[in-house]
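Shown next, in structure tokens, is the structure this report addresses.
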Amino acid sequence: MEQGRTSLRAPATRGHLPGVRPGVLEADLLRALDRREIEVLFQPQFSCVTGAVTGAEALARWRHPTLGPIGARDLFAVAERAALVAPLSRHVVARALEDAGTWPEGLTLSLNITPEELGDPRFAADFAALIGQSDITPQRLMLEITEDLLLRNLAQAASALKALRGLGFRTALDDFGAGFCNFRYLRELPLDVLKLDKVMVEGVPGDPTALAVFRAIVQLGKALGLAIYAEGIETEIQRSAITAEGCDCWQGFLRAQPMPSESVLALARTARGMGHG
């Protein structure tokens, strides 16, 4: 989960916007799905070693006709109140797959999985069927789950991820460090990637304590055979530091904010995107 997911405004409660009456956004959302107001942007991910674009994370945005852009956190909070999480998620995944279907084989696509989806015993089979209808192979997809999702039903989450991983999908524990950092998840879940939240990068490398914690988490992930991604990279100093500590990939505003699919392709073709700057 990247910085770009947050709304451009700062409501006191997630999914409630200042000056908007209760129920209005819920009613608007159903129409928004039909009108294709829900768009998908992509946060590029870069190799720490080469600098090349390795893939991108799909992020939903609601282009509300009167309120302007609404980020994914608020969007999915509205969807939960309106009992529209499942159709919204299917819409976002379908649009992301449609766009990423034009990408070269070397670029991967990261998709965020909601608690409602992973809690559904049919999810793994339904999701695999959906991917089977697209132009992207499971090996190019990374499914990202967050700690709040796991708190609801760890056993069901582990079962679904095991089934999906067996079909070739990669799995990632997202936002690690933003919550309780429950190390039980690292032991019990079938994971390929550990994504460190931007709070884990704050203070690195200048703060010795922050650096020591960051270094320990990276080393733990490596000992478990996980690739390490760092989120929220905003300065060259941070990028250099995480690279020196052994991170594999990063994403953040240093090089790219969330962008349309065609911009991801353009970035990947540039000298900088290919790791030459």
Side-chain angles (χ1 to χ4, degrees), residues 1-3 5 43-57 107-113 118 138-151 154-155 157-166 168-235 237-252 254-255 275:
M1 182 181 295
E2 188 52 79
Q3 306 112 304
R5 282 200 199 179
Q43 177 79 56
Q45 297 163 332
F46 300 90
S47 165
C48 285
V49 175
T50 69
V53 177
T54 60
E57 177 184 357
L107 295 185
T108 61
L109 172 65
S110 294
L111 298 170
N112 295 284
I113 305 303
L118 207 57
Q139 290 74 18
R140 292 179 57 202
L141 289 171
M142 184 161 69
L143 310 182
E144 300 190 8
I145 57 174
T146 55
E147 186 176 42
D148 61 337
L149 184 156
L150 297 169
L151 289 172
L154 180 58
S159 175
L161 291 179
K162 182 178 180 180
L164 289 165
R165 202 162 176 250
F169 296 93
R170 298 173 72 212
T171 57
L173 181 56
D174 192 16
D175 292 345
F176 194 78
F180 295 106
C181 291
N182 192 326
F183 293 98
R184 178 187 175 193
Y185 300 150
L186 302 182
R187 185 183 66 190
E188 299 189 13
L189 293 173
L191 297 171
D192 299 286
V193 174
L194 184 63
K195 291 190 73 176
L196 305 183
D197 188 80
K198 63 180 182 178
V199 300
M200 298 293 293
V201 182
E202 292 173 356
V204 173
D207 183 335
T209 301
L211 179 59
V213 171
F214 183 86
R215 179 176 294 159
I217 296 299
V218 171
Q219 291 175 348
L220 173 62
K222 291 293 185 179
L224 295 172
L226 304 178
I228 309 297
Y229 283 52
E231 297 183 295
I233 303 303
E234 298 181 350
T235 69
I237 292 175
Q238 288 178 326
R239 186 195 62 78
S240 296
I242 66 165
T243 300
E245 295 302 326
C247 278
D248 298 284
C249 296
W250 64 273
Q251 60 190 83
L254 171 62
R255 246 183 225 181

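Residues take their numbers from the sequence shown, with the count starting at 1. Just so you know, these numbers use all the heavy atoms, side chains as well, and skip hydrogens, waters and symmetry mates. If you're wondering where the values come from, they're calculated on a predicted model, not measured in any experiment.
- The shortest side-chain heavy-atom distance between F46 and V53 falls under the 4.5 Å cut-off.
- Using a distance-only test at 3.5 Å, with no hydrogens or angles considered, a donor-acceptor pair links the side chain of R255 to the main chain of G51.
- K198 contributes atom NZ, which lies 11.0 Å from atom CD1 of I233 (distance to the nearest 0.5 angstrom).
- Here the closest non-hydrogen pair linking M200 and V204 is O-CG2, 3.7 Å.
- Contact detail for D197 and G177: the closest heavy-atom pair is CB-C, 4.5 Å.
- Within the 3.5 Å criterion, the main-chain N or O of A155 finds no donor-acceptor partner in the side chain of S159.
- Residue E57 holds its CD atom at 7.5 Å from CE of M142, rounded to the nearest 0.5 Å.
- The shortest non-hydrogen separation linking R239 to C48 is NH1-O, 4.4 Å.
- A heavy-atom distance below 4.5 Å is found between the side chains of E231 and D175.
- A distance of 6.5 Å separates CG in L226 from CG in L186, rounded to the nearest 0.5 Å.
- Nearest heavy-atom pair, L211 versus P205, reported as atom, atom and distance to 0.1 Å: CD2-O, 4.0 Å.
- Listed for the D192 side chain is a donor-acceptor partner under 3.5 Å among the backbone atoms of T171.
- The aromatic rings of F176 and F183 sit perpendicular, their planes meeting at an angle over 60°, well past the 30° parallel limit.
- Side chains of L161 and I113 form no contact here, defined as non-hydrogen atoms less than 4.5 Å apart.
- Side-chain atoms of F214 and I242, non-hydrogen and from C-beta on, do get closer than 4.5 Å to each other.
- Here the OG1 atom belonging to T243 is positioned 10.0 Å from the CG atom belonging to D248, to the nearest 0.5 angstrom.
- A donor atom on one side chain and an acceptor atom on the other are found under 3.5 Å apart for Q45 and Q251.
- Residue I237 places its CD1 atom among 12 or fewer non-hydrogen atoms of other residues, nucleotides or ligands, all under 6.0 Å distant.
- The minimum heavy-atom distance between C249 and S47, with the atom names listed, is SG-CA, 4.2 Å.
- V201 places none of its side-chain heavy atoms less than 4.5 Å from the side chain of E234.
- Considering only residues two or more places apart in sequence or on other chains, R184 meets the side-chain hydrogen bond (donor to acceptor under 3.5 Å, both in side chains) condition with E188.
- Atom CD of Q238 and atom CD of E202 lie 8.0 Å apart (nearest 0.5 Å).
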**Q.** Steps toward side chain to side chain contact (heavy atoms under 4.5 Å, CB included) verdict (L189, L154)
**A.** CA-CA 8 Å; L189 293 173; L154 180 58; 3.7 Å; yes
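- The only option from V49, I228, L194 that meets the side chain to side chain contact (heavy atoms under 4.5 Å, CB included) definition with C247 turns out to be I228.
- Taken to the nearest 0.5 Å, the CZ atom of R170 stands 12.5 Å off from the CZ atom of R140.
- The shortest heavy-atom contact between L191 and Y185 is CD1-O, 4.1 Å.
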